[in-house]
Trainee: 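Okay, handing you the structure first.
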Protein chains: 2
Amino acid sequence: MEIGSRRTRQRQAILEVVRRTTCHPSAQWVYEQVRQEIPHVSLGTVYRNLELMSRNGIILQVPAISGQARYDGDVSGHGHISCRACDRIDDLFIEAGYEALRSAAEDAGFRELTVLVELSGRCPDCAKNGS
Amino acid sequence: MEIGSRRTRQRQAILEVVRRTTCHPSAQWVYEQVRQEIPHVSLGTVYRNLELMSRNGIILQVPAISGQARYDGDVSGHGHISCRACDRIDDLFIEAGYEALRSAAEDAGFRELTVLVELSGRCPDCAKNGS
DNA sequence: TTATGTGCAAAATATTTGCTTTCCG
DNA sequence: CGGAAAGCAAATATTTTGCACATAA
């Protein structure tokens with residue numbers, strides 16, 4: 001799939017950073033990673049490319065509670081679970097739940113469905129110590 | 001459940017605004033609504049109270065892709081289904097789906113979970129005529 | 001009375017945008 | 001060469017915070 005009309009070093013590096021991690025990075029985090037390889041890269045370039053890639057379906061912009069946009073290099077349908085205490089975001093694979101939702105909506109006459117599932121709570125670590 | 005140690009007019013108005021709507025309002029939107037009743041209310045007060053209420057479980061802070069924090073006055077698990085063609089938004093009550101998701105996450109060690117489900121597709125009307 | 005909460009404004013964050021320069025095709 | 005993309009900085013959100021004053025309990 002095409003990102004834009006040109007292949008630049010910056011664009012390539014940004015995509016690789018997003019794909020290489022399993023966390024759901026913010027633009028700032030991606031910027032810091034890319035800067036290790038291309039020190040003079042600008043934050044604006046990172047923002048512009050993340051926005052472009054998510055509009056083109058190369059990556060996902062995922063819902064988050066942190067007040068920052070978060071991205072995901074895995075574009076296969078899945079959900080997320082986030083921790084209110086430490087901001088960690090994990091992928092969630094519960095096909096049974098997705099299917100129950102999807103088929104109920106199809107029974108109601110809806111078509112071409114995309115399912116977005118966002119759980120939030122306290123992750124195992126934060127549930128233990130009452131931080 | 002208690003919000004804070006005092007019941008003020010502002011706090012009450014903010015909570016009512018969030019509970020009265022079915023959309024997931026941003027702080028700015030809540031501020032504009034509250035200002036119709038209390039013109040001199042400050043944005044800082046709205047932010048402080050929304051933050052307090054969501055930490056206390058009175059309302060939910062829901063994950064969003066907009067880069068703004070979004071809230072929800074309905075703390076029972078629920079979802080929405082929206083139509084990409086006509087922008088209609090319906091409530092979605094599929095307890096079986098929510099429970100499958102919730103119990104899977106609890107098995108993984110997460111606690112105090114809230115479940116947010118957003119489906120989008122083409123509603124029955126728009127699926128019929130290819131608008 | 002007094003500690004909590006509010007208003008106001010400034011500071012801190014996060015994101016977007018305008019404009020010039022760079023460089024891919 | 002020509003236009004798309006990068007760099008840089010200024011402009012815009014968005015959210016948080018400090019402090020003086022107000023007020024519920």
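By convention in this document, chain letters (A, B, ...) are assigned in the order of the sequence lines, proteins followed by strands, and residues within each chain are numbered from 1. Bear in mind that the values here come from a model prediction, so they are computed numbers and not experimental data.
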Trainee: Working to the nearest 0.5 Å, report the span between CD1 of A:Ile14 and CG of A:Asn49.
Mentor: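 A:Ile14 CD1 to A:Asn49 CG: 4.0 Å, rounded to 0.5 Å.
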Trainee: Taking CZ from A:Arg70 and C1' from C:dA14, how many angstroms apart are they, rounded to a whole number?
Mentor: 13 Å
Trainee: In chain order, what residues pass the salt bridge (charged side-chain N to carboxylate O under 4.0 Å, His left out) check against B:Glu51, with sequence neighbours excluded?
Mentor: B:Arg55
Trainee: Residues in side-chain hydrogen bond (donor to acceptor under 3.5 Å, both in side chains) with B:Thr45, at least two apart?
Mentor: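 side-chain hydrogen bond (donor to acceptor under 3.5 Å, both in side chains) list for B:Thr45, sorted by chain: B:Ser42.
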Trainee: Taking salt bridge (charged side-chain N to carboxylate O under 4.0 Å, His left out) as the definition, give me every residue that meets it alongside B:Arg111, ordered by chain and number, with sequence neighbours left out.
Mentor: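 None.
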Trainee: Please determine if a side-chain N or O atom of B:Gln10 lies less than 4.0 Å away from the OP1 or OP2 oxygen of C:dG7.
Mentor: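 Checking C:dG7 against B:Gln10, a side-chain N or O does come within under 4.0 Å of OP1 or OP2.
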Trainee: Please state how far atom CZ in A:Arg35 lies from atom C1' in D:dC8, giving the value in whole angstrom units.
Mentor: 14 Å
Trainee: Expressed as a whole number of angstroms, how long is the span from A:Gln28:CD to C:dA12:P?
Mentor: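 Interatomic distance, CD of A:Gln28 to P of C:dA12: 16 Å.
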Trainee: State, to 0.1 Å, how close B:Gln61 and B:Ser54 come at their nearest heavy-atom pair, and which atoms those are.
Mentor: N-CB, 4.1 Å
Trainee: In whole Å, what is the span from the CD atom of A:Glu32 to the C1' atom of C:dT13?
Mentor: 13 Å
Trainee: Would one find a side-chain N or O of A:Tyr47 under 4.0 angstrom from OP1 or OP2 of C:dT15?
Mentor: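 For C:dT15, OP1/OP2 do have a side-chain N/O of A:Tyr47 under 4.0 Å.
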Trainee: Taking side-chain contact (heavy atoms from CB on, under 4.5 Å) as the definition, give me every residue that meets it alongside A:Ser103, ordered by chain and number, with sequence neighbours left out.
Mentor: none
Trainee: Using whole Å, what does the distance between atom P of nucleotide D:dT12 and atom CD of B:Gln68 come to?
Mentor: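 Spelled out: CD on B:Gln68 to P on D:dT12 is 17 Å.
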Trainee: Report the residues that fulfil salt bridge (charged side-chain N to carboxylate O under 4.0 Å, His left out) with A:Arg20, sequence neighbours left out, ordered by chain and then residue number.
Mentor: none
Trainee: Using a cutoff of under 3.5 Å, can you pull out all pairs of nitrogen or oxygen atoms linking the protein to nucleotides 21-25 of chain D, with atom names and distances?
Mentor:
unit_1, atom_1, unit_2, atom_2, d
D:dT23, O2, B:Arg6, NH1, 3.0
D:dA25, OP1, B:Arg7, N, 3.4

Trainee: What pairs with A:Glu99 under salt bridge (charged side-chain N to carboxylate O under 4.0 Å, His left out), at least two apart in sequence or on another chain?
Mentor: A:Arg102
Trainee: Enumerate, atom names and distances included, each donor-acceptor pair closer than 3.5 Å involving a side-chain atom of residues 30-39 of chain A, sequence neighbours excluded.
Mentor:
unit_1, atom_1, unit_2, atom_2, d
A:Tyr31, OH, A:Arg35, NH1, 3.3
A:Glu32, OE2, A:Gln28, NE2, 3.0

Trainee: Mind calculating the distance between CD (B:Glu51) and C1' (C:dT4) to the nearest angstrom?
Mentor: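 That distance rounds to 16 Å.
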Trainee: How large an angle, rounded to 10°, do the end axes of the helix from C:dT1-D:dA25 to C:dG25-D:dC1 enclose when each is built from five base pairs?
Mentor: 40°
Trainee: Considering only heavy atoms, which members of residues 37-44 of chain B lie under 4.0 Å from some atom of DNA chain C?
Mentor: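 Hits under 4.0 Å, by residue number: B:His40, B:Val41, B:Ser42.
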Trainee: Take the protein atom CD of A:Gln12 and the nucleotide atom C1' of D:dA6, then report the distance between them rounded to whole Å.
Mentor: 16 Å
Trainee: Just wondering, do A:Leu50 and A:Val18 contact through their side chains at under 4.5 Å, heavy atoms?
Mentor: yes
Trainee: Using the closest heavy atom to pick a nucleotide of DNA chain D for each, name whichever of B:Ala69 or B:Arg48 lands nearer the 5' end.
Mentor: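 Comparing both residues, the 5'-ward one is B:Ala69.
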Trainee: Output all residues satisfying side-chain contact (heavy atoms from CB on, under 4.5 Å) with A:Thr21, sequence neighbours left out; order by chain, then residue number.
Mentor: A:Cys23, A:Pro25, A:Trp29
Trainee: Please pick, from C:dT15, C:dT6, D:dT15, the nucleotide with the shortest atom-to-atom distance to any side-chain atom of B:Arg11.
Mentor: C:dT6
Trainee: Round to the nearest Å and state the distance from A:Asn49 atom CG to C:dT16 atom C1'.
Mentor: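 The distance from CG of A:Asn49 to C1' of C:dT16 comes to 14 Å, rounded to the nearest Å.
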Trainee: With sequence neighbours excluded, tell me which residues meet side-chain contact (heavy atoms from CB on, under 4.5 Å) with B:Arg70.
Mentor: B:His24, B:Ser26, B:Val62, B:Ala64, B:Ser66, B:Gln68
